[in-house]
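Heads up: the structure comes next, in structure tokens.
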Amino acid sequence: MNEILASTVSRAEVEDLFYHEADLLDSWRLDEWLELLTDDAAYYVPPNDKPDADARYTLFTIADDIVRLRERVIRLKDPNCHAEFPLSRTRRLIGNVRITGVDGDIISAAANFIIHRYRHNDLPRVFVGHYRYKLRRQGGRLKIAERRAILDAEELGLLGSVSFIL
Amino acid sequence: MNYQPSGHDFIVENPQAQTFFVNREVFVSDDVFEREKRAIFDRCWIYVGHGSEIKNPGDFKTRPIAGRPIIFCRDREGAVHALINCCRHRGALVCREREGNARQFYCMYHGWTYHPDGRLKSVPGDDAYGASFDKSEMGLVAVPRLEAYRDFYFANFDRDAIDLDTYLGKAKDYIDIVIDQSPSGKMQIISGTQEYDIRANWKLLVENSVDDYHLISTHSTWLNYMRNSGVNVTPPKGDLLPTRGFGRDLGNGHLTTDNPNYRGRPVAKWISVYGEDAKADIEALRNELVARLGPARAARVADTNRNLAIFPNLVINDGSSVTVRHFYPVAPDRMHVTAWALGPVEETEAQRARRLHAFLTFYGPGGFATPDDVAALEAAQLGFAAWREVPWSDLSRGMAKAGAQQLATDEGHLRVFWRKWNELMETRA
């Protein structure tokens, strides 16, 4: 497996992708961010009480297929997205990046995140958790086929809405 | 005649001037908040949970209800209880997990244990107590009243309250419409809980849940999403919304919107968001409804939406999907919201997945609409800091019309809530 891994992808390449993605999200360059995704990508935020659940059977906080994800970006860019107008300032720290498996053309990877979020008229909020990614190479580029942001908080509570992209 | 009143009443209603005002002190005052706990939350029927959440003997959920720590559980014989999660000995929680299946509740402080029906089971070293110590009287305290309507369980901390059936009154008809989605008449809470705080007064969420006037301005990005998905969301000339719905007074402070549907509904109105392959399945659901209920009732179930507010703090939204949510104030300017999805027990995997997907197009802390509601409520709460200078919230829309003509974009149904709230607060003042 290590040999396959080594020939398919390196941790440095995965880290570069994650750090680049974090920068795009923190800079609200969402159209560029969409280009990091495959055409069938999905984005999940499981409910805090069922972090390991499947979105087909469980009510998630977010479970976007690519169609809704593109609509989410349209919404976030609209000044009438009141939950993100004025836009919040976010700063995310990504760490503990690991490649966790390879299955066919799918590379699984994981990372921890801490996202500080500041917003006018609002309390500072800190979103802590881990990512589980499925990555796929497309036209030579490593792309995101699935991203799952799993929050450690027992409930959203004072984190409030998840109105920006985790 | 001045448009706005003066004085210090919480509610000022003037039928002659066709005005209805709420004093914003009710959203910020610690004193009002404390009085509400006694006058409202200790006297009304408060939603605890749904029977499907504790399906098997021994199943339990813990949650705060009207400010008390509660164990909502099913005993070994299948009876449902709402026990106060507080050891009779020295007061510690006897159950500190969110949910599970228990043979007993064990207090980790001194080791007292209780049966799932609340009876005291064992006390380490009980020979140290005098002859008056009677284990049969030392069980967990149950909420004074626990009653259910169609598996929705409510508690009342007032032993003398009217029964739940009478309390719900006409609201039961609307609960029935929601439940008629299920061929067996059985709905279930779907796994996965949305729990989030809103930094705003709880009464604002009652208003917001049924207020269709805000849809166009607050939720334009959701409307865009629907439009991009091929749904016709253009209102007819002269109307604010794509269809003309009504606000209904259901008595006892309960109210609902009653709207012809224009958006997708898992039961049973297809839109392109669901995908082409869902068309036949939704048609089959529709046929089942017609066969079971007849065409008129089937249309009532499938082609109308309702946001139903059960006084004081339970909302059932039957729109893009069905959400059950309740909320409790933890401070005048902060509430804790818990929301679930509700669906027919017999749904297929594909139907369930579609229902959950549809839920998230609109509802919840990551949805396309709810976060903007939260933003609106929090913006209002920030404005209320100036309640002394700008004291009145205006809920006069539709005052000139008779009850039956109140549109969902009017505020007649919001006034229903406020009149009941005021009546209870004045009774107890």
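Residue numbers start from 1 in every chain, and the chains themselves are labelled A, B, ... in the order their sequence lines are given, proteins ahead of strands. The figures that follow rest on heavy atoms only: side chains count, while hydrogens, waters and symmetry mates do not.
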Taking A/F60's backbone N and O only, do any of them form a donor-acceptor pair with B/Q194's side chain (distance below 3.5 Å, no angle check)?
yes

Give a yes or no answer on whether the side chain of B/R352 reaches the backbone of A/T58 with a donor-acceptor pair at less than 3.5 Å.
no

Segment of A/A153 engaging chain B (4.5 angstrom heavy-atom cut-off)
neither

For residues A/A63 and B/H357, report the shortest heavy-atom separation together with the two atoms involved.
O-CD2, 4.3 Å

Compare every heavy atom of A/S163 with every heavy atom of B/P371, then report the nearest pair and how far apart it is.
CB-CB, 4.2 Å

Assert top hit (heavy-atom pairs under 4.5 Å, partner chain A, pool B/A341, B/A339, B/A379, B/G364) equals B/A341

Any chance you could measure B/S220, atom OG, to A/D78, atom CG, to the nearest 0.5 Å?
5.5 Å

Taking NZ, NE, NH1 and NH2 as the nitrogens, is one of them in A/R75 or B/D372 under 4.0 Å from a carboxylate oxygen of the other?
yes

If we ignore hydrogens and angles and just use 3.5 Å, is the side chain of B/R98 paired with the main-chain N or O of A/E154 as donor and acceptor?
yes

Residues B/E378, A/R119: salt bridge by 4.0 Å N-O rule:
no

How many angstroms lie between CG in B/L360 and OH in A/Y44, if you round to the nearest 0.5 Å?
11.0 Å

Any chance you could measure A/H82, atom NE2, to B/H219, atom NE2, to the nearest 0.5 Å?
8.0 Å

Between B/T193 and A/D49, does any side-chain donor sit less than 3.5 Å from a side-chain acceptor?
yes

So CG of A/L59 and CG of B/L342: to nearest 0.5 Å the spacing works out to 11.5 Å

Decide whether B/N228 and A/E71 meet the rule of one side-chain donor and one side-chain acceptor closer than 3.5 Å.
yes

To the nearest 0.5 Å, atom OH of B/Y196 lies from atom OG1 of A/T61 at 10.0 Å

Might you point out which heavy atoms bring A/G160 and B/P365 nearest each other, and give the distance in Å?
O-CB, 4.0 Å

